[in-house]
Structures are given as C-alpha cells and as structure tokens.
Q: 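Mind having a look at this structure? Questions to follow.
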Amino acid sequence: MKILFQGDSITDADRDKNNYHNMGYGYPKYASEAIINRHPGTDFEFINLGLAGHRVEHLRDRWQKDCIDIQPDVVSILIGVNDIFHFAWDHIITSLEAYEENYRYLLTEIKEKTNAKIIIMEQFLLPVPNDNFTRIDLDPKLQITRKLAREFADILIPLDGIFAAACVEEAPTFWAADGVHPTEAGARLIARHYADAFDKIFLSIK
C-alpha cells in the first residue's frame with residue numbers, strides 16, 4: 001500500500017531529498033510509525049515529497065511527476081501556509097481565485113488519473129506573538145480548503161481547529177514555536193490525527 005505525503009516545509013521536515021522514502025523529522029515520520037504499528041502484516045511504502053517553501057502553485061507545477069506518476073493508494077496534502085506568509089512577508093499575493101483554481105486542479109487530477117484516497121489537511125496558524133496579522137489572509141483560504149474537502153476528500157483533518165483546542169491545554173509555542181512549524185509535540189499531535197484518519201479508510205483500500 002503506497003502512501004504519499006505532499007506539502008511544504010511542515011511535511012518536508014528536513015527529509016533527505018535524495019531518498020523519498022525518508023520521512024524527515026516531522027509528522028510523516030510519526031504517522032508512518034503509527035500506521036505500521038496499528039496494521040502489522042501490511043506492506044506499506046511511505047513516500048514524502050513535501051518541499052519547504054512551496055505554495056499550491058508549486059505543487060501544480062510538479063504534480064504529474066510527484067503524484068500522478070507515482071499512483072499512490074493514499075495521498076495527503078498539507079499546503080497553503082506559504083500562500084499566506086509570502087503575502088505577509090514578501091508581498092507575493094496568492095489571490096483566493098488562484099488558490100482555489102490550483103488546489104482544485106490537484107484534486108481533479110487525483111480523481112481522474114488515480115484511484116487514490118484523498119486526505120486533505122487544513123493549513124493552520126497558532127496564536128503566537130506577532131503572527132496574528134496573517135489571519136486576515138488565512139481564514140478565507142481556509143474556507144476554500146474546507147469547501148474543496150467537501151467536494152473531493154475522503155477525510156479532512158481539521159488541523160486549525162485541532163491546534164486551537166490544543167492551545168487551551170498548552171501554550172501555542174509548545175506546539176509550534178513560530179506558530180507554523182511544529183515542535184516534536186506538535187508533529188506527534190498531527191501524526192496521531194493522521195493515523196486516526198488513515199484507519200477510517202484502511203479497510204476500503206486493503
């Protein structure tokens with residue numbers, strides 16, 4: 001069973017770019033370990049092709065090679081925070097229309113050219129100091145992500161809400177020091193929800 005992790009630096013997590021079976025040090029590492037432990041005897045191939053700094057348009061540029069040609073059984077996508085940060089920091093504006101068009105393209109290609117189950121993971125932003133101003137751009141794009149999940153996904157992992165709840169129990173910086181890149185605790189939290197989501201679709205693809 002081939003499971004593909006796609007996204008930006010949160011998925012990349014300092015993986016070895018010369019070996020796409022290397023999971024890096026983030027949630028793909030902990031999620032793959034949990035899935036193996038929960039489903040002994042199943043032959044899994046885990047592939048991590050997250051790339052730091054990427055926006056949804058970059059995924060579109062490499063989607064044929066880095067998704068369709070791979071023909072995964074499950075593909076997860078965690079993208080969108082760079083579309084916000086690049087607007088806030090570099091004044092590179094990803095319009096809502098472009099964000100939806102490019103994301104919709106990714107999902108349509110999966111549906112039309114593979115048999116993969118789709119896990120969409122919400123982009124998220126934790127309320128750490130000095131980063132709340134980017135919410136003005138995150139929130140409408142987050143609504144687009146949720147709309148597309150209703151149309152295309154087998155599972156939505158509502159990470160923005162999950163982290164909002166987690167920040168009641170622990171300070172936001174416990175989960176992500178900069179509000180975006182998870183600490184080990186944050187990565188393990190994502191991984192637990194990922195493994196739970198995978199369990200829901202496992203029997204349908206086994």
Q: Is there a side-chain contact between Phe152 and Thr108 (heavy atoms, below 4.5 Å)?
A: yes

Q: Have Gln64 and Asp69 got a donor and an acceptor in their side chains that come within less than 3.5 Å?
A: yes

Q: Look at the side chain of Asp14 and the backbone N and O of Gly24, then say whether any donor-acceptor pair between them is shorter than 3.5 Å.
A: no

Q: Specify the closest pair of heavy atoms between Phe174 and Ala185, including all atoms of both residues, with the distance to one decimal.
A: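 Nearest pair, atom of Phe174 first, then Ala185: CE2-CB, 3.6 Å.
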
Q: State, to 0.1 Å, how close Gly26 and Ala187 come at their nearest heavy-atom pair, and which atoms those are.
A: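 Looking at all heavy atoms of both residues, the closest pair is C-CB, 3.9 Å.
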
Q: Count I, L, V, M, F, W, Y as connected when their side-chain heavy atoms are under 4.5 Å apart, and connections chain through other members. Are Leu59 and Tyr20 then in the same cluster?
A: yes

Q: Does Lys147 come within less than 4.0 Å of Glu151, counting only side-chain N to carboxylate O?
A: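 Salt bridge: no.
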
Q: Surrounding CG of Asn37 (heavy atoms of other residues, nucleotides or ligands, distance under 6.0 Å), is the total greater than 12?
A: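 Yes, CG of Asn37 has more than 12 neighbouring heavy atoms, counting only those of other groups under 6.0 Å.
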
Q: Can you confirm whether Ile79 sits close enough to Gln6 that some side-chain heavy atom of one is under 4.5 Å from a side-chain heavy atom of the other?
A: no

Q: Between Lys141 and Asp83, is the closest basic N to carboxylate O distance under 4.0 Å?
A: no

Q: Any non-hydrogen side-chain atom of Leu189 less than 4.5 Å from a side-chain atom of Phe163?
A: yes

Q: Are Val81 and Tyr99 connected, step by step, through hydrophobic side chains (Ile, Leu, Val, Met, Phe, Trp, Tyr) whose heavy atoms are closer than 4.5 Å?
A: no

Q: If every non-hydrogen atom of Lys117 is compared with every non-hydrogen atom of Asp154, which pair is closest and at what distance?
A: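 Looks like CA-OD2, 3.3 Å.
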
Q: Check Val74 against Ile205 and note the closest heavy-atom contact, atom names and distance.
A: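 Closest pair (atom of Val74, atom of Ile205, distance): CG2-CD1, 3.3 Å.
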
Q: How about Tyr27 and Met121: do any of their side-chain heavy atoms sit closer than 4.5 Å?
A: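 Yes, at least one pair of side-chain atoms sits under 4.5 Å.
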
Q: Applying a strict under-4.5 Å side-chain criterion to I, L, V, M, F, W and Y, I'd like to know whether Leu4 and Tyr194 cluster together.
A: no

Q: If hydrophobic clusters are built from ILVMFWY residues whose side chains come within less than 4.5 Å, do Leu96 and Ile136 share one?
A: no

Q: Tell me whether Tyr25 at atom OH has more than 12 heavy atoms from other residues, nucleotides or ligands lying less than 6.0 Å away.
A: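 Not buried by this count: 12 neighbours or fewer within 6.0 Å.
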
Q: If every non-hydrogen atom of Gly53 is compared with every non-hydrogen atom of Asn82, which pair is closest and at what distance?
A: C-ND2, 3.3 Å

Q: Tell me, do Leu106 and Arg60 make a side-chain contact under 4.5 Å, heavy atoms counted?
A: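 Result yes, sub-4.5 Å side-chain heavy-atom pair found.
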
Q: One pair to check against side chain to side chain contact (heavy atoms under 4.5 Å, CB included): Ile84 and Leu125. What are the steps and the verdict?
A: CA-CA 10 Å; Ile84 298 154; Leu125 179 65; 5.8 Å; no

Q: According to a 4.5 Å side-chain heavy-atom criterion applied to Ile, Leu, Val, Met, Phe, Trp and Tyr, with indirect links allowed, do Tyr30 and Ile155 form part of one hydrophobic cluster?
A: no

Q: For the residue pair Ile77 and Leu107, establish whether any side-chain heavy-atom pair is separated by less than 4.5 Å.
A: yes

Q: Is there side-chain contact between Val75 and Thr114, with at least one heavy-atom pair below 4.5 Å?
A: no

Q: Taking NZ in Lys200 as the centre, count heavy atoms belonging to other residues, nucleotides or ligands within less than 6.0 Å. Is the count above 12?
A: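 No, the 6.0 Å shell around NZ holds no more than 12 heavy atoms from other groups.
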
Q: For Arg15 and Asn22, which heavy atoms make the closest approach, and how far apart are they?
A: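 In terms of heavy atoms, the two residues are closest at CA-OD1, 3.4 Å.
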
Q: For residues Ile190 and Pro182, determine if any side-chain heavy atom of one lies less than 4.5 Å from a side-chain heavy atom of the other.
A: yes

Q: Glu122 and side-chain contact (heavy atoms from CB on, under 4.5 Å): which partner among Leu156, Leu138, Ile157?
A: Leu156

Q: Strictly below 4.0 Å, N to O, side chains only: are Arg135 and Asp160 in salt-bridge contact?
A: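 Looking at Asp160 together with Arg135, the answer is yes, because their closest N to O distance falls below 4.0 Å.
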
Q: Can you label the angle between the Phe202 ring and the Phe44 ring as parallel, tilted or perpendicular, going by 30° and 60°?
A: tilted

Q: Between atom CD of Glu57 and atom OH of Tyr103, what is the distance when rounded to the nearest 0.5 Å?
A: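 Going from CD on Glu57 over to OH on Tyr103, the span is 15.0 Å.
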
